[in-house]
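This report concerns only the one structure given below.
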Amino acid sequence: MKENFTLEEEDLKDEFILVSLFGDYLNLTPAEEVIGGVKRLMKFGLTDEEAMRILIAESTGLNTEIHRDFFMRYFPLCVKKLDPTPFLDDEYYKNVKFKRERMGKAMICREKYAAYEPFVFDDIYRSFDGMLIPKTGFYSEEFSYPAIKENGRIWMTVTPNEINTMRAPIEKAEGVVVALGLGLGYYAYMTGIKKDVKKVYVVEKSDEIISLYENFLKPQFSCADKIEIIKGDAYEICERGLLPKADVVFCDLWHDVSDGVDGYKRLKKCEGLYPSAKFYYWIEKSLRFYL
């Protein structure tokens, strides 16, 4: 954030203000600085949630005394201390093991969130009065998650955010499913283990990702016999009407909102080509706010 930046009353009327403030803070503030700030505030008797909320508010230009009503109304909705148990009990987390090893240019490993390191953990939603609420969470202890790194940079992950934002599309999957984008196979695995899912087709164009699935993930997937990989550009195949006949199509071809809006609009135009299928889109709630 800009030094000496202070929010004005007019700023607080913008429905995107919290999304903007939290996005800037998470992207621009080193984790070590946040962790240190939270621990310092906790020495004054604040809980870790209170400390995190005040730290982010004051660091983004919100005066928690002058704008106390705004702070008390929205920041408890935006910042949550998370319980790791639901994620550690996730079927994928329990059954797919990521030990550190190299596969071609990629490094299979586990990354981690440090204690009190904030991160986005769910989709944006609109509050009762129209304000857009970002979901920022943290753990009080270190939390590790599966990851693939290439040239030292994180390439793919399965984080609590991805688990939360895929929960509803997974629950709605039935019959024959088509997934656009493979990633680390979370959606394919979680739908494949469902009894009411007969087949999962996954459209993926990357040779490296397909190789990763075939050599590392597939041997660990108990539902691998249900999953079939279709190599190709998912956008082109979808637009040409060449997807397999399916009951559900799940689209996950973007990293976040910044690169997802155009892809979302492009795929929405294709729905009429597949009248028997229900389309679902990763982080659709967030995407729709930016249309």
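Quantities reported herein were computed from a predicted structural model and do not represent experimental measurements. These numbers come from the heavy atoms of this one structure, side chains and all, not from hydrogens, waters or symmetry mates.
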side-chain contact (heavy atoms from CB on, under 4.5 Å) between Leu12 and Leu7, intermediate numbers included
CA-CA 7 Å; Leu12 304 184; Leu7 287 172; 4.0 Å; yes
Any sub-3.5 Å donor-acceptor pair from Thr165's side-chain atoms to Asp123's backbone N or O?
no
Taking all atoms of both residues into account, what is the closest heavy-atom pair of Ile133 and Cys78, and its distance?
CG2-SG, 3.8 Å
Not counting sequence neighbours, which residues clear ring pair (Phe, Tyr, Trp, His ring centres under 6.0 Å) with Tyr235? List them please.
none
Any pair with a residue in residues 37-47 that passes salt bridge (charged side-chain N to carboxylate O under 4.0 Å, His left out), sequence neighbours left out, goes on the list, sorted by first then second residue, please.
none
What's the separation between atom CG in Leu212 and atom CD1 in Ile108, rounded to the nearest 0.5 Å?
5.5 Å
Could you give me the CA-CA distance, side-chain angles and deciding distance for Glu142 and Lys112, then say whether salt bridge (Lys or Arg N to Asp or Glu O under 4.0 Å) is met?
CA-CA 7 Å; Glu142 182 179 286; Lys112 65 182 181 181; 3.2 Å; yes
With sequence neighbours excluded, what pairs up with Arg110 under the side-chain contact (heavy atoms from CB on, under 4.5 Å) test?
Phe98, Ser144, Pro146
Let me see the working for Glu271 and Lys268 under salt bridge (Lys or Arg N to Asp or Glu O under 4.0 Å), right down to the final yes or no.
CA-CA 6 Å; Glu271 291 187 11; Lys268 285 291 287 183; 3.2 Å; yes
Taking atom CD of Glu101 as the centre, does the number of heavy atoms from other residues, nucleotides or ligands within less than 6.0 Å exceed 12?
yes
So Ile209 and Ile148, side-chain contact (heavy atoms from CB on, under 4.5 Å) or not? Walk me through it.
CA-CA 10 Å; Ile209 295 177; Ile148 301 294; over 6 Å; no
Within the supplied structure, the quantity of interest is the number of heavy atoms (other residues, nucleotides, ligands) at a distance under 6.0 Å from Arg73 CZ; does it exceed 12?
yes
Taking only residues two or more places apart in sequence, or in another chain, which ones meet Tyr113 in a ring pair (Phe, Tyr, Trp, His ring centres under 6.0 Å)?
Phe119, Tyr145
With sequence neighbours excluded, tell me which residues meet side-chain contact (heavy atoms from CB on, under 4.5 Å) with Met42.
Val38, Asp48, Ala51, Tyr116
Is Lys194 atom NZ crowded by more than 12 heavy atoms from other residues, nucleotides or ligands, each under 6.0 Å away?
yes
OG1 of Thr47 to CE of Met52, rounded to nearest 0.5 Å, is 10.5 Å
What is the distance from atom CD of Glu91 to atom CD1 of Ile170, rounded to the nearest 0.5 Å?
11.5 Å
Between Thr64 and Glu58, is the side-chain contact (heavy atoms from CB on, under 4.5 Å) condition met? List the steps.
CA-CA 7 Å; Thr64 54; Glu58 296 285 354; 2.6 Å; yes
To the nearest 0.5 Å, how far apart are SG in Cys238 and OH in Tyr274?
4.5 Å
side-chain contact (heavy atoms from CB on, under 4.5 Å) partners for Asp89, two or more places apart
Thr85
Which pair of heavy atoms, one from Ala173 and one from Thr191, lies closest together, and at what distance?
CB-CG2, 3.6 Å
Taking the six-membered ring for Trp, are Phe71 and Phe75 parallel (under 30°), tilted (30 to 60°) or perpendicular (over 60°)?
tilted
Does atom NZ of Lys99 have more than 12 heavy-atom neighbours from other groups under 6.0 Å away?
no
Flag if over 12 foreign heavy atoms under 6.0 Å of CZ, Arg240
no
Could you list the residues that satisfy side chain to side chain donor-acceptor pair (under 3.5 Å) with Lys278, not counting sequence neighbours?
none
I need the minimum non-hydrogen distance between Leu287 and Trp282, along with the two atoms involved.
CD1-O, 3.5 Å
Partners passing ring pair (Phe, Tyr, Trp, His ring centres under 6.0 Å) against Tyr280 (at least two apart in sequence or in another chain)
none
Exam field: side chain Gln220 to backbone Lys97, donor-acceptor pair closer than 3.5 Å:
yes
Please lay out, stage by stage, how Ser211 and Glu214 fare under the test side chain to side chain donor-acceptor pair (under 3.5 Å).
CA-CA 5 Å; Ser211 177; Glu214 293 291 343; over 6 Å; no
Ring centers of Tyr92, Tyr187 separated by less than 6.0 Å:
no
So does Phe128 have more than 12 non-hydrogen atoms from other groups sitting under 6.0 Å from CZ?
yes
What's the separation between atom CD1 in Ile237 and atom CG in Leu180, rounded to the nearest 0.5 Å?
8.5 Å
Sub-4.5 Å side-chain heavy-atom contact between Tyr139 and Pro160:
yes
List the steps and the verdict of side-chain contact (heavy atoms from CB on, under 4.5 Å) for Met190 and Ile163.
CA-CA 10 Å; Met190 294 299 288; Ile163 290 175; over 6 Å; no
Contacts of Glu174 that satisfy salt bridge (charged side-chain N to carboxylate O under 4.0 Å, His left out) - sequence neighbours left out:
none
Looking at every heavy atom in both Gly175 and Asp247, which two are closest together, and how far apart are they?
CA-OD2, 3.4 Å
With the side chain counted from C-beta on, respond yes when Tyr74 and His67 share a heavy-atom pair under 4.5 Å apart, and no when they do not.
no
side-chain contact (heavy atoms from CB on, under 4.5 Å) filter on Arg126, not counting sequence neighbours, yields Glu15, Leu132, Phe289
What pair of heavy atoms forms the shortest contact from Lys226 to Lys198, and how long is it?
CG-O, 3.8 Å
Of the non-hydrogen atoms in Thr136 and Pro118, which two are nearest, and what is the gap between them?
CG2-CB, 3.8 Å
Tell me whether the count of non-hydrogen atoms from other residues, nucleotides or ligands lying under 6.0 Å of NZ in Lys285 goes above 12.
no
Please check if the distance between the ring centroids of Tyr290 and Phe16 is under 6.0 Å.
yes
Kindly list each side-chain donor-acceptor pair under 3.5 angstrom involving residues 255-264, sequence neighbours excluded, with atom names and distances?
unit_1 : atom_1 : unit_2 : atom_2 : d
His255 : ND1    : Asp259 : OD2    : 3.3
Asp256 : OD1    : Ser258 : N      : 3.0
Asp256 : OD1    : Ser258 : OG     : 2.4
Asp259 : OD1    : His255 : N      : 3.1
Asp259 : OD1    : Asp256 : N      : 3.0
Asp259 : OD2    : His255 : N      : 3.2
Tyr264 : OH     : Glu284 : OE2    : 2.6
Tyr264 : OH     : Arg288 : NH1    : 3.4

Go through the steps to decide whether Asp252 and Tyr186 satisfy the test side chain to side chain donor-acceptor pair (under 3.5 Å), and finish with yes or no.
CA-CA 11 Å; Asp252 180 14; Tyr186 181 78; over 6 Å; no
Would you give the length of the straight line joining atom CG of Asp90 to atom CZ of Arg167, rounded to the nearest 0.5 angstrom?
8.0 Å
Please identify each residue that fulfils salt bridge (charged side-chain N to carboxylate O under 4.0 Å, His left out) with Asp207, with sequence neighbours left out.
Lys231
